[in-house]
Amino acid sequence: MEMTAANGGGERIKQSHVIVFPFPRHGHMSPMLQFSKRLISKGLLLTFLITSSASQSLTINIPPSPSFHFKIISDLPESDDVATLDAYLRSFRAAVTKSLSNFIDEVLTSSSNEEVPPTLIVYDSVMPWVQSVAAERGLDSAPFFTESAAVNHLLHLVYGGSLSIPPPDNVVVSLPSEIVLQPEDLPSFPDDPEVVLDFMTSQFSHLENVKWIFINTFDRLESKVVNWMAKTLPIKTVGPTIPSAYLDGRLEKDKAYGLNVSKSNNGKCPIKWLDSKETASVIYISFGSLVILSEEQVKELTNLLRDTDFSFLWVLRESEMVKLPKNFVQDTSDRGLIVNWCCQLQVLSHKAVSCFVTHCGWNSTLEALSLGVPMVAIPQWIDQTTNAKFVADVWRVGVRVKKNEKSVAIKEELEASIRKIVVQGNGTNEFKQNAIKWKNLAKEAVDERGSSDKNIEEFVQALVASN
Ligand code: UDP
């Protein structure tokens with residue numbers, strides 16, 4: 001049952017087969033796909049699973065490799081009762097438990113001398129029950145966490161019962177790094193708080209038998225928290241999971257996540273548009289793939305963009321466009337471009353971009369850090385509040401915009417924050433210098449013998465040795 005493959009150094013190693021299975025959301029699939037590419041580059045054979053619902057809006061397009069297969073399994077609900085998040089999650093779990101079990105049974109029985117059977121599944125930590133499905137079929141498993149180590153540490157404390165979120169009586173929380181978090185810096189769950197908190201903390205269940213816990217961060221970025229967590233959990237940092245061309249360049253042809261989103265921009269190409277702009281002259285605005293902005297928040301942003309002379313590229317999903325005031329697009333077309341989706345990595349690495357107005361989703365935060373782009377943080381929910389705290393006060397690569405009592409960042413606060421960050425042309429300031437520092441450290445982490453590279457290498461070697 002053994003096969004051999006070339007590892008990154010060209011030597012032949014015994015090949016092992018892993019399954020990688022992300023939760024069907026863009027921000028979960030892209031880091032796990034990127035992690036998969038690193039595993040393949042070190043000689044593993046890999047099957048990437050996506051669910052049928054994800055396959056309707058996303059396609060995988062990575063350079064062909066005999067070591068990479070992908071497979072669609074069903075997550076279609078068996079009942080119509082999926083109106084609430086709780087009902088959706090229960091139905092998702094039931095459907096996927098069945099289809100994943102069938103898939104593993106099939107792949108284990110059909111494996112032949114030519115096909116190495118999988119021995120381990122890297123599952124998205126928000127689906128902890130995958131561990132049981134795998135264990136029943138004799139597979140090992142390793143969760144992959146898609147949030148920062150700091151956020152995971154906080155959620156682990158909640159899971160263990162030593163922290164409540166929101167905290168009683170506005171107490172402050174100290175992290176191992178002596179960073180003090182005010183209540184507004186803790187993860188927040190404005191919608192369906194009990195269900196979402198349970199979903200997030202359940203990531204720490206089923207960890208008793210796992211030997212590896214992967215986190216999409218890097219040691220230098222969160223060293224104290226990582227060291228603290230590593231005292232009780234077998235965590236391994238493996239990030240940032242950004243295409244290699246933007247960091248170490250060691251993975252041939254790895255220039256994009258390879259997760260294509262079927263969204264149209266009515267023929268507008270943001271990159272061509274950026275090409276026509278001066279160095280560091282454009283503000284890039286995006287709130288990721290899920291956030292729905294309030295009408296008031298859109299109004300404050302549009303007032304800002306109409307009443308100032310900022311050039312801007314704004315990603316606003318099709319469903320959000322109705323919130324724009326009449327004629328806004330035409331009135332600002334000499335300075336601004338609104339698209340429904342863009343290749344964010346290409347945008348962030350474009351020299352015309354001066355800063356990133358962001359919701360601080362963890363992928364966006366890591367991308368900005370890895371590409372050296374200062375941030376203006378307007379966090380909305382879950383981990384974004386904690387990420388924004390780190391952006392502004394720990395890594396000092398940005399400013400967090402103050403919100404009013406209705407949780408809206410008003411025009412004046414937005415403008416003041418942007419002006420603190422932006423330096424025109426080739427100028428620099430503390431935020432830009434720090435951003436460049438983190439960019440270099442991110443590259444170092446994934447480059448040969450960097451902390452994340454070593455962790456991935458150790459995992460692959462251990463897996464191969466255990467087969
Ligand atoms: N993204 C993109 N184009 C866009 C907006 C977002 O490619 O126009 C990508 C972005 O690069 C990131 C992901 O979508 O990888 C968003 O993930 P994040 O964790 O930042 O936020 P979420 O969407 O999960 O809230």
Side-chain angles (χ1 to χ4, degrees), residues 21-30 32 49-58 72-101 123-133 143-147 151-152 154-156 158-159 161 163-167 183 186-206 261-263 287-298 317-320 322-323 359-363 379-387 406-408:
F21 184 28
F23 190 64
R25 292 291 177 277
H26 191 281
H28 290 243
M29 292 171 70
S30 50
M32 292 186 74
L49 289 186
I50 68 170
T51 66
S52 41
S53 68
S55 72
Q56 283 162 15
S57 54
L58 296 161
I72 298 171
I73 62 169
S74 173
D75 60 347
L76 295 180
E78 289 179 359
S79 95
D80 293 337
D81 175 26
V82 288
T84 62
L85 178 62
D86 192 31
Y88 162 74
L89 290 172
R90 269 187 283 116
S91 140
F92 175 81
R93 176 176 175 168
V96 172
T97 297
K98 203 184 264 183
S99 60
L100 178 64
S101 306
Y123 66 90
D124 192 318
S125 56
V126 297
M127 307 185 293
W129 36 269
V130 166
Q131 200 269 346
S132 313
V133 177
F144 185 102
F145 283 72
T146 55
E147 294 93 26
V151 167
N152 283 314
L154 292 165
L155 294 172
H156 191 207
V158 176
Y159 179 75
L163 173 68
S164 299
I165 294 180
L186 292 173
S188 77
F189 308 97
D191 300 324
D192 231 341
E194 274 174 31
V195 176
V196 182
L197 186 60
D198 184 54
F199 176 68
M200 296 304 289
T201 53
S202 71
Q203 296 180 92
F204 293 93
S205 61
H206 296 75
V261 179
S262 34
K263 289 193 169 93
F287 291 84
S289 62
L290 301 168
V291 162
I292 297 172
L293 292 176
S294 66
E295 304 234 345
E296 287 106 309
Q297 188 59 77
V298 173
R317 289 196 307 279
E318 185 80 54
S319 53
E320 299 275 89
V322 287
K323 295 178 186 166
H359 67 313
C360 289
W362 185 234
N363 292 296
Q380 305 292 311
W381 63 36
I382 313 187
D383 60 332
Q384 298 157 14
T385 30
T386 312
N387 299 342
K406 284 155 95 189
S407 207
V408 174

Is the backbone N or O of [Y] less than 3.5 Å from a side-chain atom of [X], with the two atoms forming a donor-acceptor pair by type?
X	Y	result
Q297	L293	no
D383	V151	no
S52	D75	yes
S164	P167	no
N152	F145	no
S74	L76	yes
T385	L186	yes

From CA spacing to verdict: side-chain contact (heavy atoms from CB on, under 4.5 Å), D86, D192:
CA-CA 9 Å; D86 192 31; D192 231 341; 5.6 Å; no
One pair to check against side-chain contact (heavy atoms from CB on, under 4.5 Å): M200 and F189. What are the steps and the verdict?
CA-CA 10 Å; M200 296 304 289; F189 308 97; 3.9 Å; yes
Between [atom1] on residue [X] and [atom2] on residue [Y], distance to nearest 0.5 Å:
X	Y	atom1	atom2	answer
L49	D124	CG	CG	12.0 Å
I73	I50	CD1	CD1	10.0 Å
R93	L100	CZ	CG	12.0 Å
R25	S30	CZ	OG	13.0 Å
L89	D198	CG	CG	9.0 Å
S294	K323	OG	NZ	7.0 Å

Please name all residues satisfying ring pair (Phe, Tyr, Trp, His ring centres under 6.0 Å) with F144, sequence neighbours left out, ordered by chain then number.
F35
Taking atom NZ of K98 as the centre, report whether more than 12 heavy atoms of other residues, nucleotides or ligands fall under 6.0 Å from it.
no
Residues, nucleotides or ligands: over 12 heavy atoms within 6.0 Å of I292 CD1:
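Result for CD1/I292: open.
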Where do [X] and [Y] come nearest, in terms of heavy atoms and distance?
X	Y	result
G361	N387	C-ND2, 4.0 Å
M127	F21	CE-O, 3.4 Å
S125	Q203	OG-OE1, 2.6 Å
N363	G27	ND2-O, 2.8 Å
L290	R317	O-NH2, 3.3 Å
M29	A54	SD-CB, 3.9 Å

Criterion side-chain contact (heavy atoms from CB on, under 4.5 Å) on V196 and I382, from CA distance to verdict
CA-CA 8 Å; V196 182; I382 313 187; 3.8 Å; yes
With side-chain contact (heavy atoms from CB on, under 4.5 Å) as the criterion, how do S132 and H206 come out once you've worked through the C-alpha distance, each side chain's angles and the decisive distance to 0.1 Å?
CA-CA 8 Å; S132 313; H206 296 75; 3.2 Å; yes
Take the angle between the ring planes of F92 and Y88 and call it parallel below 30°, perpendicular above 60°, tilted in between.
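The arrangement is tilted - the two ring planes meet at 30° to 60°.
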Side chains of S101 and S99, heavy atoms from C-beta outward: is any pair under 4.5 Å?
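No, side chains not in contact.
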Side chains of W381 and P187, heavy atoms from C-beta outward: is any pair under 4.5 Å?
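No; the side chains remain at least 4.5 Å from each other.
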